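Have a look at the structure below before the remarks.
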Amino acid sequence: MASVSAVAASNRFVVTGSKDETILLYDMNKKVEHGSLLHHDGSITCLEFHGTTHLMSGGEDGLLCVWSTKKWECLKSIKAHKGHVTSLSVHPSGKLALTVGTDKTLRTWNLINGRSAFIKNIKQNAHIVRWSPDGDKYVVVIQDQLNLYDLQTASLTSTLKNPKRISAINFLNNSILAVAGDDETVRLCDLAKGEWVCEFKAHETRVKAVESFKIDDDCILVTASNDGFIKMWKLHLNQELECPILLGEVNTAARLTCLAVWKPSTPRQTAEDEKGGEAAATSQELAKALLKTKRVRIFTHEEVLLEDESKPKKKKKKKLGGKQQEAK
């Protein structure tokens, strides 16, 4: 067994990646281990769900893999970087993805055909990349530096420096970014103004991860640290940001490396997910049929289909009135 290096959560599943080259699946509705995914030849470095239908993974082998959550099969395996894939982020539309790696490149991927759309050389190895919630900009992190890019122009719009090396970032909304570094402080950045607007001491040692979710009008910030504590904070995202209020904490007595937030789905959401899963399966079969003409369908609303290079299934035969007949 090896330490967990990456974790991600959807409505139903939580997945973890490790230095043992495996991705473990957990069904949170049933509270059981669901199985494992074996494709990477190296440590798993990053994981991210797109909606409820697809999972993307990156590893030290330089591969970017796209998995279907319906049957947990690898739909596409892309050699994304010459070195390690250090971070990935899927655009809210599901049509694009960003990756950074140890080959000092930032790559944009067209998820319709699974091909590289744009390559940008950067001076140093970036270790974090994130799309904004609206998908109009993205942030690239290099050591202690935040670089903000505009999607339409692909140009660098602003740069901010953190006092320490940045370990995690999280968009609280399309403008406010939470930044955790190799110290006990979490800082909030207003990207529209290009400046730090708030900071607070979150832990006794360095903060390793920061996540967030919404409850009504409140933003709930979740932080994890090397000190073993996971803390929850309440924050009002008004015009004048104030330091968040501590809601609670738990001591895991472990050296935490990563964090993901899973919110239990309601029975109605579960039914909708199952319905959506059936629709996704039908769409995948349609995509396979379109491979002959090299066309791939892409569906909006948190669903993206990549070209499936698997061989077409043989036609099944069924008996009708004592005779065999090909099923149409």
Side-chain angles (χ1 to χ4, degrees), residues 7-9 46 48 87 89-92 98 100 126-151 156-227 229-250 256-263:
V7 61
C46 44
E48 184 172 320
S87 182
S89 184
V90 184
H91 191 269
L98 294 172
V100 289
H127 60 283
I128 302 176
V129 61
R130 289 289 182 274
W131 286 104
S132 66
D134 290 350
D136 59 338
K137 51 183 170 285
Y138 55 92
V139 171
V140 177
V141 176
I142 302 174
Q143 296 296 327
D144 60 350
Q145 184 172 293
L146 276 172
N147 294 323
L148 178 65
Y149 291 86
D150 181 76
L151 174 61
L156 179 66
T157 58
S158 63
T159 298
L160 285 172
K161 283 220 170 187
N162 196 56
K164 297 288 185 178
R165 182 184 183 275
I166 297 171
S167 55
I169 63 174
N170 184 262
F171 277 94
L172 306 187
N173 58 28
N174 206 56
S175 297
I176 305 300
L177 185 72
V179 180
D182 285 350
D183 57 8
E184 67 277 6
T185 303
V186 173
R187 296 172 178 86
L188 304 184
C189 171
D190 189 326
L191 297 176
K193 298 178 180 178
E195 61 184 27
W196 303 106
V197 291
C198 177
E199 67 175 54
F200 62 97
K201 181 180 178 180
H203 293 268
E204 296 301 322
T205 59
R206 62 180 180 175
V207 182
K208 290 292 293 182
V210 56
E211 292 289 336
S212 66
F213 60 96
K214 297 287 184 64
I215 295 182
D216 298 327
D217 295 331
D218 295 324
C219 176
I220 308 300
L221 202 63
V222 187
T223 59
S225 169
N226 277 353
D227 60 13
F229 279 88
I230 297 175
K231 297 185 179 183
M232 296 182 65
W233 312 80
K234 184 170 72 171
L235 181 67
H236 297 290
L237 296 177
N238 48 26
Q239 292 183 351
E240 295 183 2
L241 284 176
E242 299 178 354
C243 290
I245 301 170
L246 180 63
L247 295 177
E249 61 183 33
V250 59
L256 302 177
T257 57
C258 49
L259 172 73
V261 174
W262 173 74
K263 293 176 64 179

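Keep in mind that what you see is a predicted model, and the values were worked out from it rather than measured. Just so it is clear, the values below take in all heavy atoms, side chains as well, and ignore hydrogens, waters and symmetry mates.
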Residue list, side-chain hydrogen bond (donor to acceptor under 3.5 Å, both in side chains) with His127, at least two apart or on another chain: none

With sequence neighbours excluded, residues passing side-chain hydrogen bond (donor to acceptor under 3.5 Å, both in side chains) with Thr205: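 Scan of Thr205 (side-chain hydrogen bond (donor to acceptor under 3.5 Å, both in side chains), adjacent residues dropped) gives Ser225.
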
What pairs meet the salt bridge (charged side-chain N to carboxylate O under 4.0 Å, His left out) rule with one or both residues in [range], with sequence neighbours excluded?
range: residues 197-206; value: Asp182-Arg206, Arg187-Glu199, Lys201-Glu204
range: residues 129-149; value: none
range: residues 208-220; value: none

Please round to the nearest 0.5 Å and tell me the distance separating atom [atom1] of [X] and atom [atom2] of [Y].
X: Leu191; Y: Cys189; atom1: CG; atom2: SG; value: 4.5 Å
X: Leu221; Y: Lys234; atom1: CG; atom2: NZ; value: 13.5 Å
X: Cys198; Y: Ile176; atom1: SG; atom2: CD1; value: 9.5 Å
X: Asp183; Y: Ser167; atom1: CG; atom2: OG; value: 8.0 Å
X: Ile128; Y: Gln143; atom1: CD1; atom2: CD; value: 10.5 Å

Reference residue Ile220; test side chain to side chain contact (heavy atoms under 4.5 Å, CB included); the match among Val261, Leu235, Leu247: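 The residue from Val261, Leu235, Leu247 that satisfies side chain to side chain contact (heavy atoms under 4.5 Å, CB included) with Ile220 turns out to be Leu247.
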
Can you give me the closest heavy-atom contact between [X] and [Y], atom names plus distance?
X: Ser212; Y: Asn170; value: OG-OD1, 2.5 Å
X: Pro92; Y: Ser132; value: CG-O, 3.7 Å
X: Leu256; Y: Asn226; value: O-OD1, 3.4 Å
X: Cys258; Y: Val7; value: SG-CG1, 3.8 Å
X: Ala168; Y: Ala209; value: CB-CA, 3.8 Å
X: Leu172; Y: Leu237; value: O-CD1, 3.9 Å

Minimum side-chain heavy-atom gap Asp190-Leu241 below 4.5 Å: no

Residue list, ring pair (Phe, Tyr, Trp, His ring centres under 6.0 Å) with Phe200, at least two apart or on another chain: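 Partners of Phe200 under the ring pair (Phe, Tyr, Trp, His ring centres under 6.0 Å) test: Trp233.
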
Counterpart residues, ring pair (Phe, Tyr, Trp, His ring centres under 6.0 Å), relative to Tyr138 (two or more places apart):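 Residues passing ring pair (Phe, Tyr, Trp, His ring centres under 6.0 Å) with Tyr138: Trp131, Tyr149.
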
Working for side chain to side chain contact (heavy atoms under 4.5 Å, CB included), residues Val129 and Val139: CA-CA 6 Å; Val129 61; Val139 171; over 6 Å; no

Using atom types as modelled, flag every donor-acceptor pair under 3.5 Å from a side chain in residues 156-163 to any protein atom, sequence neighbours excluded.
| from | atom 1 | to | atom 2 | distance (Å) |
| --- | --- | --- | --- | --- |
| Thr157 | OG1 | Leu148 | O | 3.0 |
| Thr159 | OG1 | Asn147 | OD1 | 3.2 |
| Asn162 | ND2 | Lys164 | O | 3.0 |

